[in-house]
Amino acid sequence: MTLKQALISGCALALLSVEAQAQDQGTAAPQPAAAPQPTTPPAAEQPAATVIPAPANTRKISGKVLDALTNDGLPLTRVIIKGTTKGVETELDGSFTLDVPKGPVTLLFSSQDHKDREVTVGANRNEVTVSLDATFVEEMVVVGRASEVARKNLANSVASVNSEELNRAPASTVDQALQGKVAGANIQSNSGAPGGGMQLKLRGVSTINGTTAPLYVIDGIIVSDVAIASGVYQVTESVRGSNPSPTQDNQVNRIADLNPNDIESIEVLKGASAAAIYGSKASNGVVIITTKRGKAGAGPRVDVTQRLGMYSLSNTLGARRFSSAEEAREAFGPKGEQFYTPTFYDHERQLAGRRDLSYETLASVSGSAGDTRYFASAMVKDDKGIIANTGYQKQSFRLNLGQKIGSDIEVNTSANLVHSLGSRGLTNNDNANVTYLMVLAGTPSFVDLTSASDGLYPSNPFLSNGSNPLQTAALVTNDEDVWRLMGSADAVWNAYKSESQNFRVLANVGVDRFQQKNSLLFPPDLAFQQVLERPGVSLYGTSDVLNLNTGVNVVHNYKPVGGGLSATTSAGFQFEQRSMDSVYVNSRGLTGGQPNVSSGTQVGVLQNRQLVRDRGLYLQEEMLLLDEKLTLVGAVRGEQSSNNGDPNKFFFYPKVATAYRLTPFHPAINEFKIRAAYGETGNQPLYGYKFIGLATNSNIEGQGGFVTTGVVGSKDIRPERQREIELGVDTLLFNGNAVVELTVYQRTISDLLLQRALAPSTGYTTELFNGGEMRNRGVEAMLQVTPVRQDNGFEWTSTATFTLNRSKITDMPVPDFIVGGFGTSLGSFRIEEGASATQIVGNAGLDENGECCVVKKIGDTEPDFRVGFSNTLKYGDFGLSFLLDWQQGSDIINLTRYLYDAASNSPDYLTGGKARQELIKTHAAAYLEDATFLKLREVTFTYTLPQSAVSSIPGVKSARLSISGRNLLTFTNYSGLDPEVSNFGNQAIARNIDVAPFPPSRSFWTSLDVGF
């Protein structure tokens, strides 16, 4: 165990120790002051205690009432014997004991904010556990910077995911835990590397050259989700040629740092009508995350979870099996015949067959003491990768406090310290023949690459640089070390309150500070280093990121005594600053193999700094009319940013929305609401788009000089503008046993961030400017049903989500242009007026003159549709949940298959590879494949230990065992490793390119959850 792990584990143990003391002290009876006591007779003269037996015609039933979503005990729940007034209220942990008549009995359960439930208890049952559903119409949803509204009155489509849904099966990152659970979201894994690297896209593509990630807001504070390149491209040379973007470095977006187990709920604002209040940072949607807090009036609660599991390789590409030396010679020339043996070596499983034990330890303490609410958690996690020297370690500590000061002021603070270490291996595209699958593509399966008894690896005779991927995995270091502190504080002052109105002032401040260190070492012993003039490379990169947030909001609520009207007016001001400072050191020719960057004979340095300041103010009005049947919402936000050409110019983002709840017109309908909304958001120019690019590392006869990069910024550069219309219907059926949400939308994005060529006489090559327009149209649907709910404790809840989106370039002021890919001979992405924004174009045969080649659309990365299907079944103490994720359509450019075919090494080379190699000469579609898949994302089986067994253990209130799996099964016709892969993970358009990725894995877990 490392020092960091020991510190975090020590924090967890300290939390448990303090809580145990608090429980002991809390249960001690208060001792009154000394007072005269009446004289008591000697013990021998005292009458014996009388035991009153239960009446012969009654029996005792004990049980527990739980929240159906969180499995938390529900205190103060009323339990009544049907047909009588006899009953009890549950304790703070939801437990109760009740004397009932002999024989079967029906109990009525009722709790505030939960649906009533009636349960029949058989004559032979003395224990019962009952789950109550939260009242759907009372769920509160954030609709502004400082206001919220009941879901029944919501005028926008907002997806919500609670803690129980998020954490049914262990997930490395928050975005991985969200896969398949949000209608309108396309969450794609860039590769199988441990520690993250996923992309969340809401309602289709919304930009060509701008920021693609949604805005993440945690407890009211905007946090960074930046993905910073490791610098490995300096060895792999992946940026050489037509794709200079370092996004090929298999980057990690930093929302991966958050501990999913700390989250209480997630709300996803998918469209401009919902997200307009966040202005020019909300074009890609907003993800609002609320972390757990202690509950007022709740007693102390301690939860501990221990998970053990493993990751295993879930798919392989396979390699050609050679039956003779002649066949080997035909494929690999004389060397093939020279090294041929009839032995088959499964290089992929030798590389990625590791199944080491992984673990995760979680502990939390929550509750309240007087006017103080608290929640503290600690986590230690160690995920072992399937390749040597890969894995993901994380330690996290969180403390959330809430304090009431008098009757009018409440203060909340939050602090989250996170440390993570991701070992990423060496994968993806490269132009130096060094990454794992790039090398294996050209290595025949009859060559033994394993190490000898002395630990030395043989050089690969089939590559000119001798690269051996097993040696590379054993010796290369590619570590990403992150320390992060996220802190926030907010205060609410109830300045005025009367019977009909109140006025509140809210202030908040937040900081998000992290340092990312990338340490990469390629020792001189590596075969592909020994052929270089300066063998041995050490790379060191450090990036310091700081986000600051502060704001003041005022909220006025007006609700006259007579009812019929409710109005909430809110206004506020925000200031946000984000900075990043990245420094990379490249050291080659390591003296004596020493890893320090100062040990190299050739050292290079690169630095990149950014500083952005934003200021914004807003005004919002929400009204509920006609006895809360009609909702009206209007808002406008004005914003300035230093990224704009004119940093002092205000850009305004309005929104209007309305919803009407119809009187139920059928006995099966409990709620029926129609809604409509319009909103505008923006996407800021990237840093530096308003400046002329300068290359400061040039020199003239040894003297330093400034040379332009050829790129000219624009003094008029401004945010992209997104306008969206959304229409929807929400309905609640069969007394809450069915919920239906349907949404259609059209979003138009104008003032796109584009580039255009300049005349050579200007002295520049490219100019950045705003222009053009694209459109997205789509449909989203959600259906949740509870088809079975029986008195014997069996319950089945099923949820399905549906997503469909279509994009189109409606105006383009520049000629068609390519934005990614490896040329039309293999497939590229072309922006073209009148075409889909995500189309793939490529060679499609000879032209009418017999020359190569006609270039036209051959595919599209946008899926036909996506469906998520989750189910939860409960029976007594047993539970089963599973999630299916279905993507229909979408196309992938499978260049990994191309590499294997080009080396005559694909498993089906004789029956298919030869033909594909011939076809690719004129048709790029030879390596275009369908990305349709159906995945078993999650499955979890749980067993809750009976209360009678748990209560026998001192201090233990609950215990649960579970077995879980993630990504266990994939059904697809795709020939590659994973149909979700994307070599250019963080690009907006050029996705779905498969080039030698990190192999995918499935995970298996056993967990023990104990509550104290």
Side-chain angles (χ1 to χ4, degrees), residues 184-186 188 199-215 270-276 279-285 651 653 678-686 689 714 717-726 743-756 767-780 803-821 828-841 856-857 859-865 889-891 982 984 986-992:
N186 187 345
Q188 184 175 1
Q199 303 305 312
L200 170 56
K201 184 168 64 176
L202 297 170
R203 293 188 174 175
V205 61
S206 59
T207 186
I208 297 173
N209 296 308
T211 302
T212 62
L215 182 71
K270 294 170 284 189
S273 54
S280 65
K281 291 183 282 293
S283 184
N284 303 298
F651 292 87
Y653 304 94
Y678 170 82
E680 298 184 16
T681 56
N683 198 1
Q684 287 186 7
L686 299 182
Y689 263 35
S714 171
I717 204 77
R718 58 191 179 274
E720 297 177 334
R721 172 73 59 164
Q722 181 179 135
R723 299 174 175 88
E724 182 182 69
I725 299 173
E726 177 186 295
T743 302
V744 296
Y745 62 86
Q746 175 174 299
R747 59 198 307 197
T748 301
I749 304 100
S750 58
D751 289 340
L752 294 168
L753 298 169
L754 298 175
Q755 303 178 14
R756 58 188 168 201
E767 182 183 20
L768 304 171
F769 75 107
N770 292 98
E773 184 178 279
M774 76 164 69
R775 183 189 70 206
N776 280 278
R777 288 174 174 167
V779 178
E780 298 168 358
T803 302
L804 180 150
N805 183 83
R806 298 290 183 269
S807 66
K808 184 178 181 179
I809 302 295
T810 55
D811 177 59
M812 191 51 55
V814 296
D816 305 344
F817 59 94
I818 299 295
V819 292
S828 290
F829 297 82
R830 184 168 68 190
I831 300 301
E832 175 184 4
E833 186 172 322
S836 165
T838 51
Q839 69 169 346
I840 303 174
V841 300
K856 66 179 185 180
K857 179 178 179 178
D860 201 301
T861 62
E862 187 71 55
D864 295 339
F865 60 82
S890 184
D891 294 300
S982 179
F984 297 93
N986 294 299
Q987 289 194 3
I989 304 294
R991 302 184 57 77
N992 287 28

S.K.: One thing to verify: whether Glu680 and Arg721 come together as a salt bridge, which I'm taking to mean a side-chain N less than 4.0 angstrom from a carboxylate O.
M.R.: yes
S.K.: Are Pro685 and Leu753 close enough that some pair of their side-chain heavy atoms sits under 4.5 Å apart?
M.R.: yes
S.K.: Where is the tightest heavy-atom contact between Gln755 and Leu768, given as atom of each residue plus distance?
M.R.: CG-CD2, 3.5 Å
S.K.: Taking all heavy atoms of Val819 and all of Ile989, pick out the closest pair and write down the distance.
M.R.: CG2-CG2, 3.6 Å
S.K.: Atom OG1 of Thr838 and atom CG of Asp891: how far apart are they, to the nearest 0.5 Å?
M.R.: 9.5 Å
S.K.: Can you establish whether the number of heavy atoms outside Lys857 located under 6.0 Å from its atom NZ is more than 12?
M.R.: yes
S.K.: Is there a donor-acceptor pair under 3.5 Å between the side chain of Thr681 and the backbone N or O of Gly279?
M.R.: no
S.K.: Distance alone, cut at 3.5 Å: any donor-acceptor contact between the side chains of Glu720 and Thr207?
M.R.: yes
S.K.: Atom OG1 of Thr748 and atom CD1 of Ile725: how far apart are they, to the nearest 0.5 Å?
M.R.: 7.5 Å
S.K.: Rounded to the nearest 0.5 Å, how far apart are CD1 of Ile840 and CZ of Arg830?
M.R.: 12.5 Å
S.K.: So, do Pro719 and Phe651 sit near enough that their side-chain heavy atoms are less than 4.5 Å apart?
M.R.: yes
S.K.: Atom CZ in Arg756, atom CZ in Phe769: separation rounded to 0.5 Å?
M.R.: 4.5 Å
S.K.: Closest approach of Leu202 and Gly285, non-hydrogen atoms and distance?
M.R.: CD1-CA, 3.9 Å
S.K.: Just by distance, do the side chain of Asn805 and the backbone of Gly184 share a donor-acceptor pair under 3.5 Å?
M.R.: no
S.K.: What heavy-atom pair brings Ala272 and Gln722 nearest, and what distance separates the two atoms?
M.R.: CB-OE1, 3.9 Å
S.K.: Answer yes or no: is there an ion pair linking Lys270 with Glu726, defined by an N-O contact shorter than 4.0 Å?
M.R.: no
S.K.: Please determine whether side chain to side chain donor-acceptor pair (under 3.5 Å) holds for the pair Ser807 and Asn776, giving the CA-CA distance in whole Å, both sets of side-chain angles, and the decisive distance to 0.1 Å.
M.R.: CA-CA 4 Å; Ser807 66; Asn776 280 278; 4.5 Å; no
S.K.: Give a yes or no answer on whether the side chain of Arg718 reaches the backbone of Gln684 with a donor-acceptor pair at less than 3.5 Å.
M.R.: no
S.K.: Does some side-chain heavy atom of Ile749 sit less than 4.5 Å from a side-chain heavy atom of Val205?
M.R.: no
S.K.: For the residue pair Met812 and Ile831, what are the closest heavy atoms and their distance?
M.R.: CE-CG2, 3.7 Å
S.K.: In Å and rounded to the nearest 0.5 Å, what is the OG to CZ distance from Ser836 to Phe829?
M.R.: 10.5 Å
S.K.: Write down the atom of Leu754, the atom of Gly771, and the distance for their closest heavy-atom approach.
M.R.: CD1-O, 3.0 Å
S.K.: Are Gln188 and Asn992 close enough that a side-chain donor and a side-chain acceptor fall under 3.5 Å?
M.R.: yes
S.K.: Please lay out, stage by stage, how Leu686 and Asn209 fare under the test side chain to side chain contact (heavy atoms under 4.5 Å, CB included).
M.R.: CA-CA 9 Å; Leu686 299 182; Asn209 296 308; 5.7 Å; no
S.K.: Does any N or O in the side chain of Asn284 come within less than 3.5 Å of the main-chain N or O of Thr211, such that one atom is a donor and the other an acceptor?
M.R.: yes
S.K.: Could you tell me whether the side chain of Thr212 and the main chain of Gln987 form a donor-acceptor pair under 3.5 Å?
M.R.: no
S.K.: Give a yes or no on whether the backbone of Glu832 and the side-chain of Asp816 come within a donor-acceptor separation of less than 3.5 Å.
M.R.: no
S.K.: Between Arg747 and Arg203, is there a donor-acceptor pair closer than 3.5 Å when you use the side chain of the first and the backbone of the second?
M.R.: yes
S.K.: With rounding to the nearest 0.5 angstrom, report the CG to CE distance, Asp811 to Met774.
M.R.: 11.5 Å
S.K.: Assess whether side chain to side chain contact (heavy atoms under 4.5 Å, CB included) is satisfied between Thr743 and Val779, documenting all intermediate values.
M.R.: CA-CA 6 Å; Thr743 302; Val779 178; over 6 Å; no
